[in-house]
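Encoded as structure tokens, the structure appears first; notes follow it.
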Amino acid sequence: MLVRDAMSTVVLTVGPAHTLRQAAALMSARRVGAAVVLDPDGTGIGILTERDVLNSVGLGQDPDTERAHAHTTTDVVFATPSWTLEEAAAAMTHGGFRHLIVLDRGGPVGIVSVRDIIRCWAPRRQPGRHVPAQASA
């Protein structure tokens, strides 16, 4: 299976001047875990993830004044739609991240996440099929 089969084509983009609160509100409204940060005058294409927002808040920084550019990962590994899911999973494992921006013809066309890959690899739940209960902590 290929990245194009698993990726979300809903690509949320924000600018580098967006506050973390604005970015988080947009991510929440669209139910996505990452936003592509487009900075045509600076670093180009970067990514801001829910973990970046959480780390900032955890440090006591103000999400109303912190700007996306200060928390954006700019040394991004990009996938292409023709990568296999195995290639995408290997890149994520090697880099220690959970989202890959998918580029085609130089522009973002999707995002593939660990969750997207698991959805493709996990067996489909069938009506009447027993799914083991989760252990409680």
Side-chain angles (χ1 to χ4, degrees):
M1 189 170 273
L2 302 178
V3 164
R4 75 171 46 92
D5 303 317
M7 72 183 192
S8 170
T9 57
V10 175
V11 180
L12 172 63
T13 60
V14 298
H18 276 84
T19 66
L20 290 187
R21 183 174 310 277
Q22 290 169 326
L26 291 168
M27 290 163 61
S28 178
R30 287 171 178 79
R31 301 180 48 87
V32 297
V36 173
V37 181
L38 296 178
D39 187 1
D41 299 327
T43 57
I45 299 173
I47 190 166
L48 178 72
T49 68
E50 57 202 354
R51 184 177 292 171
D52 297 324
V53 175
L54 183 66
N55 287 341
S56 175
V57 171
L59 290 171
Q61 296 173 335
D62 183 354
D64 290 315
T65 59
E66 287 296 311
R67 301 294 173 181
H69 70 84
H71 302 277
T72 298
T73 300
T74 55
D75 58 337
V76 180
V77 175
F78 298 103
T80 68
S82 61
W83 275 20
T84 66
L85 293 186
E86 288 80 6
E87 288 173 306
M92 289 177 185
T93 301
H94 179 75
F97 45 81
R98 299 179 294 167
H99 299 87
L100 281 171
I101 299 171
V102 183
L103 290 185
D104 193 22
R105 297 182 182 104
V109 295
I111 292 187
V112 65
S113 69
V114 170
R115 181 177 291 165
D116 296 326
I117 293 171
I118 290 171
R119 236 182 248 128
C120 290
W121 285 349
R124 299 276 187 237
R125 186 170 176 191
Q126 308 267 331
R129 181 175 172 199
H130 175 70
V131 177
Q134 294 180 357
S136 58

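As the structure is a prediction and not an experimental result, all values here were calculated from the model.
Using a 4.5 Å cut-off on side-chain heavy atoms (C-beta onward), R98 and R51 make contact. Two residues are said to be in side-chain contact when any heavy atoms from C-beta on lie closer than 4.5 Å; T13 and V37 fail this criterion.
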Evaluate M27 against E50 for side chain to side chain contact (heavy atoms under 4.5 Å, CB included), listing each step before the verdict.
CA-CA 8 Å; M27 290 163 61; E50 57 202 354; 4.1 Å; yes
Evaluate the side chain to side chain contact (heavy atoms under 4.5 Å, CB included) criterion for residues V112 and M92: first the C-alpha distance (whole Å), next the side-chain angles of each, then the deciding distance (0.1 Å), finally the verdict.
CA-CA 10 Å; V112 65; M92 289 177 185; 4.1 Å; yes
Show your reasoning for whether side chain to side chain contact (heavy atoms under 4.5 Å, CB included) applies to H99 and T49.
CA-CA 8 Å; H99 299 87; T49 68; 4.0 Å; yes
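Both V114 and V3 are assigned to one and the same hydrophobic cluster, defined by single-linkage of ILVMFWY side chains at heavy-atom distances under 4.5 Å. A chain of hydrophobic side-chain contacts below 4.5 Å, direct or via other Ile, Leu, Val, Met, Phe, Trp or Tyr residues, connects I47 to L38. Note on V102 and I118: same hydrophobic cluster, where clusters join Ile, Leu, Val, Met, Phe, Trp and Tyr whose side-chain heavy atoms are under 4.5 Å apart, directly or indirectly. Connection of F97 to V36 is not established within any shared hydrophobic cluster, with ILVMFWY side chains joined at heavy-atom distances below 4.5 Å, either directly or through further cluster members. Linking ILVMFWY side-chain heavy atoms closer than 4.5 Å, directly or via other members, places M7 and F78 in two distinct hydrophobic clusters.
M1 CE to W121 CH2: the interatomic distance, rounded to the nearest 0.5 Å, is 10.5 Å. To the nearest 0.5 angstrom, R115 atom CZ is 12.5 Å from I117 atom CD1. Atom-to-atom distance recorded for L48:CG and T73:OG1 is 8.0 Å, nearest 0.5 angstrom.
A donor and an acceptor atom, one from each side chain of S82 and T80, are located under 3.5 Å apart. At a cut-off of 3.5 Å, with distance as the only test, no side-chain donor of S56 or E66 sits close to an acceptor on the other residue.
In this structure, R21 contributes its side chain and P63 its backbone to no donor-acceptor pair below 3.5 Å. Listed for the H71 side chain is no donor-acceptor partner under 3.5 Å among the backbone atoms of A68.
Checking V76, L103, T72 one by one against I45, the side chain to side chain contact (heavy atoms under 4.5 Å, CB included) holds for a single residue, L103.
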